[in-house]
J.: 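I am attaching a structure below and will ask some questions about it afterwards.
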Amino acid sequence: MRQNTEDIASRLNDQQVAAITAPAPVVVMAGAGSGKTQVLSVRIAREIEQGVPAGAILALTFTNKAARSMKERVAQMVGERSKELWISTFHKMCVGVLRKEAQRLGYKDNWVIYDTDDAKAMLGRVISELGLDPKIFVASKLAGVISAAKNDMASWQHLGGHRGGNYYECLGRIYRRYGDWLKAANAMDFDDLLTNTYEVLLTPALQSWQERYRSVFIDEYQDTNRIQNEIIWLLTRKHRQLFVVGDVDQSIYGFRGARWRNLLDLENRFPEAKRVVLEYNYRSAPRILACANSVISNNNERPQKVLRGTRPDASCVHTVIREGKDELASAVAKEVQSLKRSGVAGSEIAVLYRTNVESRAYEEAFLRHKIAHQVIGATRFYDRKEIRDVLAYARLVHNPFDLAAFSRVANWPTRGIGAISLEIITEHASARGLSFIDALGDTEGLSTPAEKGARSLNLILSSLVSYSETYPPSDLIAHIADETGITSIYQEEGAKRAQDRLENIEELCRVAKRYSDLASFLASTKLYDAQDDIEEQRGEVCLLTIHASKGLEWKAVFVVSLHDGGLPHLRSLEEKGGIEEERRLCYVALTRAKDHLYLCADSTRGLSQFLYEMPENLVGKALPDPDAHLQRRVARPHSKARCLGS
DNA sequence: GCCCTGGAGGTTTTT
DNA sequence: CCTCCAGGGC
């Protein structure tokens, strides 16, 4: 059913209309649940109606799911014309640019994406190559350091140079060597997608991209990091057709370089920009908003803002406090059952926690109480061993220089190529500039069993390569599992776990059917996010982290990490600005709820200070006196916010 | 040189 | 719970 944008606009409030009609650039400060997705979609549709070619519009969202839903909304308004729109996540947009431009930076066309695991594997090799102690230079820590450096646009000279001491000098060398190895493998890590896009935009290619994306829309700007901010500046500084939406109170990705100040700084870069504030919340019942406002008002580093309620009804904010995490999980399960009896669908209910490990207690409790549920994003599908193994073969078929894939594949299923032989083969390949498939054909220096293994792997890979020239990705996946012996290994094992693995491989084939070329299939396995595996139609209760819940909403939400050390998380207390970010995280969690908010805590661990920052008349009387029960004194902060709901 | 097994250790949040 | 590593067997 086609909708008219004027009809829709007539149902919007003045602030929303201002956001939609103001000439660009526009910076929208949009509180949680203030209809920002609606505003973005209507504005895009209006531009198309006013004659901007859909193909000249770029819209960036935070998740694939948000991109899909925005595309649907625009399609409802402008129909077919929306097909040309480019709506995606930041990283996917970069992949699009780099598919066309990576050659400028010296990559071959079949470049691949390395995820964090690939990056760690590469770093491990770099550290041992440089003869450094892997206990001092821990690959997983370094992956984070290097990632942070890239997102903050710091070079290896920068990382290694400006502080004295051997440690930092080694760090710089690792960073540089890691970059060399990725380049040799024709691979980019997640951060390279951003930095390389930036590099491309520093070349004469900039102009064509500025023309290609003449009108740019960005959601969740508070979670952009430095390099993303610079990319947007390069893309838009000429035409200045930029429309940005964000909320500093919902910035929760500081740990990966997000700088909420980017949102405010836009007004310096675009002094002509109009600022619009959306402060009316259409999502949550007033008492839920009162709690959220009250908590967030304790942050010092934020522009003053209060989210105003629009809903008349006074649903309750409940506290569920039990002694012990399993007792708490049971109590939550019982509440869920009673909600469902009262007519709330399972898919309208969510359980939000700070860390993935907390999901376990709830999974068990829900199983005991026979509540249909799905855990979102915990063990990600593409991180499963069997999936990574099969995909590693596919990657090597696509890009035979992929070192991370080769290291994975070389001896699994086992074929006599141990660590030493692997080292000989990779040395060999890099010394002569050979692909790993070709290097396997030259078995000089290998022991007899390793030589046999290398021959057989060479045959397998060569035949896979020719197979892939005729057959689509899904057939290739099935073929890999059979030809490498992975299928038969799991069949013979016969255990339930092995059965699951076979089913996962079948599922991978099914997913691959959606893609006709290997490059885009492989990219999709990397740029996948937690919200992608939510299955709404099944009517199940969702269990997920607060981070993964960003942008979503449910009728009833259980925030279950409100114990001391849970939220704010223990580890966050050491970081500067840590508490404020945790408070924003709490704010995000609370504002996911439409009608019912349940604040849940295991009292044996002590209660979250955030509970004491909520209005006393709503939650205070359910809480024990903090001075009496907590060993560590928790100062009870004065509640600065008004309780709008009561 | 390579394979397998058992025990220990370690879990914030993610593209 | 799942990964990493050391050590014994081949």
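Please read all numbers here as calculations on a predicted model, not as lab measurements. Letters go in sequence order (proteins before strands), and every chain restarts at 1. Computed from heavy atoms alone, side chains included, the values below leave out hydrogens, waters and symmetry copies.
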J.: OP1 or OP2 of C:dC1 less than 4.0 angstrom from a side-chain nitrogen or oxygen of A:N356, does that happen here?
T.: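 False: A:N356 side-chain N/O out of range (4.0 Å or more) of C:dC1 OP1/OP2.
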J.: Taking only the side-chain heavy atoms of A:T355 (C-beta and beyond), determine which of B:dT15, B:dT12, B:dT14 contains the nearest atom.
T.: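 Of the options given, the side chain of A:T355 lies nearest B:dT12.
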J.: Once you round it to whole Å, what is the distance between C1' of B:dC2 and CD of A:E423?
T.: 15 Å
J.: Measure the distance from CZ on A:R384 to P on C:dC2 and round it to the nearest whole Å.
T.: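 Roughly 9 Å, once rounded to whole Å.
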J.: I need the NZ-P distance between A:K120 and B:dT15, as an integer number of Å.
T.: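 A:K120 atom NZ is separated from B:dT15 atom P by 14 Å.
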J.: If you pin A:A419 and A:F62 to their nearest nucleotides in DNA chain B, which one's is more 5'?
T.: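 Closer to the 5' end of DNA chain B: A:A419.
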J.: So, A:F255 and B:dT13: ring centres less than 5.5 Å apart, planes less than 30° off, yes or no?
T.: yes
J.: Specify the separation, in whole Å, of atom CD of A:E581 and atom C1' of B:dT13.
T.: 8 Å
J.: Please check the phosphate of B:dC3 (OP1 and OP2 only) for any side-chain N or O of A:N411 closer than 4.0 Å.
T.: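 For A:N411, the contact criterion (side-chain N or O under 4.0 Å from OP1 or OP2 of B:dC3) is met.
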J.: Is A:E423 paired with A:R125 through a side-chain N to carboxylate O contact shorter than 4.0 Å?
T.: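 A salt bridge is present here (some side-chain N lies under 4.0 Å from a carboxylate O).
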J.: Write out a two-atom table: protein N or O, nucleotide N or O from nucleotides 3-8 of chain C, distance below 3.5 Å.
T.:
none

J.: Which nucleotide in the set B:dT14, B:dC2, B:dC4 lies at the smallest distance from any side-chain heavy atom of A:T414?
T.: B:dC4
J.: Assess whether a salt bridge exists between A:K526 and A:D118, defined as any Lys/Arg side-chain N lying under 4.0 Å from an Asp/Glu carboxylate O.
T.: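 Judged by the 4.0 Å cut-off on N to carboxylate O distance, A:K526 and A:D118 do form a salt bridge.
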J.: Nearest nucleotide by nearest heavy atom, which residue falls closer to the 5' end of DNA chain B, A:T545 or A:L422?
T.: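 It is A:L422 whose nearest nucleotide is closer to the 5' end.
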J.: Using the side-chain heavy atoms of A:H91, tell me which of these nucleotides is nearest: B:dT15, B:dG1, B:dT13.
T.: B:dT15
J.: I'd like to know if A:D189 pairs up with A:K150 as an ion pair, taking the criterion as any Lys NZ or Arg NE/NH1/NH2 lying under 4.0 Å from an Asp or Glu carboxylate oxygen.
T.: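 Answer for the salt bridge query: yes.
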J.: Kindly say whether the aromatic ring centers of A:Y253 and A:F255 come within a distance under 6.0 Å.
T.: yes
J.: Atom CD of A:E358 to atom C1' of B:dT12: distance rounded to whole Å?
T.: 10 Å
J.: Is A:S421 close enough to B:dC2 that one of its side-chain N or O atoms is under 4.0 Å from OP1 or OP2 there?
T.: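 Affirmative; the distance criterion is met.
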J.: Using a strict cut-off of less than 4.0 Å between a Lys/Arg side-chain nitrogen and an Asp/Glu carboxylate oxygen, indicate whether A:D532 and A:R68 qualify as a salt bridge.
T.: yes
J.: Counting side-chain heavy atoms from CB outward, which of B:dT14, C:dC1, B:dT12 is closest to A:R256?
T.: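 Of the options given, the side chain of A:R256 lies nearest B:dT14.
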J.: Of the nucleotides B:dT15, B:dT14, B:dT12, which has the atom closest to the A:E582 side chain?
T.: B:dT12
J.: Is the shortest distance from a Lys or Arg side-chain nitrogen in A:R455 or A:E451 to a carboxylate oxygen in the other one below 4.0 Å?
T.: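 Yes, A:R455 and A:E451 are salt-bridged.
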J.: Indicate yes or no: does A:R395 engage A:D402 in a salt bridge with an N to O separation below 4.0 Å.
T.: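 Counted as a salt bridge, because a side-chain N and a carboxylate O are separated by less than 4.0 Å.
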J.: Using whole Å, report how far CG of A:D500 lies from P of C:dC2.
T.: 11 Å
J.: With no hydrogens and no angle check, is any side-chain donor or acceptor of A:N411 less than 3.5 Å from a backbone partner on A:I417?
T.: yes
J.: Rounding to a whole Å, what distance do you find between A:H563:NE2 and B:dT12:P?
T.: 13 Å
J.: Rounding to a whole Å, what distance do you find between A:L573:CG and B:dT13:C1'?
T.: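 Atom CG in A:L573 sits about 14 Å away from atom C1' in B:dT13.
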J.: Ion pair present between A:E582 and A:R354, side-chain N to carboxylate O less than 4.0 angstrom?
T.: yes
J.: Under 4.0 angstrom, heavy atoms only, what part of the nucleic acid is A:Y253 near: base, sugar-phosphate, or nothing?
T.: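 A:Y253: backbone/sugar contact only, no base atoms under 4.0 Å.
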J.: Would you call A:D389 and A:R408 a salt bridge, using N to O less than 4.0 angstrom?
T.: yes
J.: Pairs under 3.5 angstrom, nitrogen or oxygen only, protein versus nucleotides 5-11 of chain B, please.
T.:
none

